[in-house]
A.B. asks: 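Mind having a look at this structure? Questions to follow.
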Amino acid sequence: MGVTYTILTSWRFGAGPIVRSVLVTGVWNNLVKFGMPLIAMLLAIPLTGGLTPHRMIAAAAGVAALVVT
């Protein structure tokens with residue numbers, strides 16, 4: 001964040017756009033960090049033959065949480 005702030009201030013951006021940039025980047029980074037394992041789980045469950053109702057409920061809850069976020 002410090003490097004991003006330094007670069008953006010050197011390009012004469014104000015505090016508001018810098019804060020928005022850092023927040024949007026942080027949100028997308030976290031969504032990808034949480035979304036990738038979820039996608040992997042959704043793909044791995046049917047491929048491994050471990051498809052059970054409990055696992056599908058857990059996967060659906062994960063998708064719902066990601067969508068709500």
Side-chain angles (χ1 to χ4, degrees):
M1 287 188 329
V3 173
T4 301
Y5 178 79
T6 303
I7 291 170
L8 291 176
T9 54
S10 73
W11 291 341
R12 303 196 191 276
F13 282 98
I18 293 173
V19 169
R20 279 191 296 274
S21 171
V22 169
L23 286 176
V24 168
T25 303
V27 167
W28 280 106
N29 282 338
N30 283 323
L31 286 174
V32 169
K33 285 179 197 176
F34 293 125
M36 288 297 182
L38 177 62
I39 291 169
M41 183 175 85
L42 287 173
L43 293 175
I45 288 173
L47 293 175
T48 59
L51 190 61
T52 65
H54 295 297
R55 289 182 181 161
M56 290 310 295
I57 290 170
V63 169
L66 190 64
V67 168
V68 168
T69 301

A.B. asks: Answer with yes or no whether the hydrophobic clustering places V19 together with V27; edges join I, L, V, M, F, W, Y residues whose side-chain heavy atoms lie under 4.5 Å apart.
C.D. replies: no
A.B. asks: Is there a donor-acceptor contact under 3.5 Å from the side chain of S21 to the main chain of P17?
C.D. replies: no
A.B. asks: If hydrophobic clusters are built by linking Ile, Leu, Val, Met, Phe, Trp and Tyr wherever their side-chain heavy atoms come under 4.5 Å apart, do F13 and Y5 end up in the same one?
C.D. replies: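 Linked within one cluster.
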A.B. asks: Quick one: pull up OG1 in T4 and CD1 in I18 and give me the separation to the nearest 0.5 Å.
C.D. replies: 9.5 Å
A.B. asks: With sequence neighbours excluded, tell me which residues meet side-chain contact (heavy atoms from CB on, under 4.5 Å) with L42.
C.D. replies: L38, A59, V63
A.B. asks: Under a single-linkage definition using a 4.5 Å side-chain heavy-atom cutoff for Ile, Leu, Val, Met, Phe, Trp and Tyr, are I57 and V67 assigned to the same hydrophobic cluster?
C.D. replies: no
A.B. asks: Are any side-chain N or O atoms of T25 and backbone N or O atoms of V22, one a donor and one an acceptor, separated by less than 3.5 Å?
C.D. replies: no
A.B. asks: How long is the straight-line distance from CE of M56 back to CE of M41, given to the nearest 0.5 Å?
C.D. replies: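 Answer for the CE-CE pair, M41 versus M56, is 8.5 Å.
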A.B. asks: Transitive ILVMFWY cluster of V68 at side-chain heavy atoms under 4.5 Å: who else is in it?
C.D. replies: none
